[in-house]
Amino acid sequence: DRVGEGALRIGDERCVSYGDPATVACLRAEGWATVYASDARSVTAPVAWPPAAATRLVLGDSDGVHVSSDLGDTWETTLALDDPAAVLTEADDGTLLLATRAGRLLSSRDGGDTWTDAGWQLPSTPHVLVARPAFATHPDVLFGTHDGVWLSTAFATPARFAPYERLDDR
């Protein structure tokens, strides 16, 4: 359950992520506790998986994708990346979606254990990644970048959905 940018709620716990070095902390009964720390330059917001009954945390950083099945006590790297993770989100059917800084899209249907590359690349770094509701039936993804919004329908090569346009000088 997202509670804000870089934040997550799992039951009574609230977790936040922040970078350089990459850190995730959760608010527990005894106070804030660091549940992930590395020398990586950045970290995505953590994702709880599966959606209905979170038993794992999944996150990406500049080194790869990491999974914890004990809410942060131990971590396993399930995917090494030479292209840093930019944003990680979860579709309503439990599919995890990861976009890298170079614009690659990867997906996992098993909570982050294995990953599939979509086979294409956006022209710029995605900052926002949104899965369409009813993702199992309509696997469409919107990406927000500094130069516009891109739409990938059924994991096909994305097309520009809307160009970036400054609305006013405020």
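Quick caveat: nothing in here was measured; it's all calculated off a predicted structure. Every heavy atom of this structure was used, including side-chain atoms; hydrogens, water molecules and symmetry mates were not.
- Atom OG1 of residue Thr145 and atom NE2 of residue His127 lie 7.0 Å apart, to the nearest 0.5 angstrom.
- Residue Asp82 qualifies as open at atom CG: its count of foreign heavy atoms under 6.0 Å is 12 or below.
- Going from atom CG of Leu98 over to atom OG1 of Thr116 covers 12.0 Å, rounded to the nearest 0.5 Å.
- Using a 4.5 Å heavy-atom threshold, the side chains of Trp150 and Pro126 count as separate.
- Contact detail for Pro158 and Leu122: the closest heavy-atom pair is CG-CD2, 3.4 Å.
- In this structure a side-chain-to-backbone donor-acceptor pair under 3.5 Å is present from Asp92 to Phe135.
- If you take CG on Leu142 and CG on Leu151, they are separated by 5.5 Å, rounding to the nearest 0.5 Å.
- For the atom pair Thr153 OG1 and Asp140 CG, the distance stands at 4.5 Å (nearest 0.5 Å).
- Under the salt bridge (Lys or Arg N to Asp or Glu O under 4.0 Å) criterion, Arg109 pairs with Asp93, sequence neighbours left out.
- In this structure, Ser107 and Leu97 approach most closely via the heavy-atom pair CB-CD2, 3.9 Å.
- In this structure, Val141 and Leu105 approach most closely via the heavy-atom pair CG2-CD2, 4.5 Å.
- Here Asp63 contributes atom CG and Leu81 contributes atom CG; the two are 8.5 Å apart, rounded to the nearest 0.5 Å.
- At distances below 3.5 Å, not a single donor-acceptor pair connects side-chain atoms of Ser108 with backbone N or O atoms of Leu96.
- Between Ser62 and Pro84 the shortest heavy-atom distance is CA-CB, 3.6 Å.
- Annotation: ring pair (Phe, Tyr, Trp, His ring centres under 6.0 Å) contacts involving residues 61-88, sequence neighbours excluded, comprise Tyr36-His66, Tyr36-Trp75.
- Between Gly119 and Asp117, the shortest heavy-atom contact is N-OD1, 2.8 Å.
- The distance from the OG1 atom of Thr137 to the CZ atom of Arg132 is 9.0 Å, given to the nearest 0.5 Å.
- Closest approach of Gly111 to Val67, counting heavy atoms only: O-CG2, 3.9 Å.
- Remark: Trp120 engages Phe143 in a ring pair (Phe, Tyr, Trp, His ring centres under 6.0 Å) (not counting sequence neighbours).
- Looking at Asp83 and Arg101, their side chains come closer than 4.5 Å, going by heavy atoms from C-beta outward.
- Salt-bridge annotation for Asp110 and Arg56: absent, with no side-chain N of the basic residue lying under 4.0 Å from a carboxylate O of the acidic one.
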